[in-house]
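Please read the structure below before turning to the comments.
Any value given below was found using the heavy atoms of this structure, including those in side chains, with hydrogens, waters and symmetry copies removed. Counting begins at 1 with the first residue of the sequence.
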Amino acid sequence: MSIHEIFCETRDFTSGGASKLSTIIHECMHFTDTFGSKDWKYTITKFLAIWGQENPRQAINTADSLAGYVAYEY
């Protein structure tokens with residue numbers, strides 16, 4: 001994994017965007033020696049929990065579900 005220098009610049013707050021921390025966690029969750037997760041669903045919002053209840057087999061292996069749990073206890 002590499003991090004582009006633009007990623008390290010500050011940016012305005014946006015409620016619709018992922019945090020830098022959740023982005024790094026999301027990408028690390030794809031590593032096969034970490035978790036090997038997939039991208040069944042994107043975005044960390046309150047609706048991710050609803051989707052997870054309806055799709056439990058995918059939710060347990062979704063990078064944003066795992067990143068939300070680690071970063072925000074979603």
Side-chain angles (χ1 to χ4, degrees):
M1 181 171 92
S2 80
I3 298 173
H4 193 278
E5 61 191 38
I6 293 173
F7 183 82
C8 299
E9 294 176 3
T10 58
R11 65 178 181 198
D12 293 335
F13 174 77
T14 141
S15 63
S19 72
K20 291 180 180 186
L21 174 63
S22 68
T23 299
I24 290 172
I25 295 169
H26 170 111
E27 296 306 328
C28 289
M29 290 296 174
H30 289 305
F31 298 158
T32 54
D33 61 346
T34 303
F35 206 88
S37 68
K38 308 260 186 247
D39 287 323
W40 298 108
K41 180 80 170 165
Y42 282 105
T43 68
I44 300 172
T45 68
K46 63 181 180 180
F47 302 110
L48 185 61
I50 296 167
W51 174 84
Q53 291 173 350
E54 295 170 353
N55 303 279
R57 288 184 179 204
Q58 290 175 322
I60 196 69
N61 189 28
T62 297
D64 273 344
S65 294
L66 297 163
Y69 178 78
V70 172
Y72 309 114
E73 297 181 33
Y74 241 108

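Every pair passing side-chain hydrogen bond (donor to acceptor under 3.5 Å, both in side chains) that includes a residue from residues 28-38 is listed here, sequence neighbours excluded: H26-H30, H30-D39.
The only member of D64, I24, L66 that meets side chain to side chain contact (heavy atoms under 4.5 Å, CB included) when paired with M29 is L66.
With sequence neighbours excluded, no residue forms a side-chain contact (heavy atoms from CB on, under 4.5 Å) with I60.
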Quiz: residues 49-56 side-chain donor-acceptor pairs under 3.5 angstrom, not counting sequence neighbours:
| from | atom 1 | to | atom 2 | distance (Å) |
| --- | --- | --- | --- | --- |
| N55 | ND2 | W51 | O | 3.0 |

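Across L48 and T43, no two heavy atoms sit closer than the pair CD2-O, 3.7 Å. Across all non-hydrogen atoms, the minimal contact from N61 to G36 is OD1-O, 3.6 Å.
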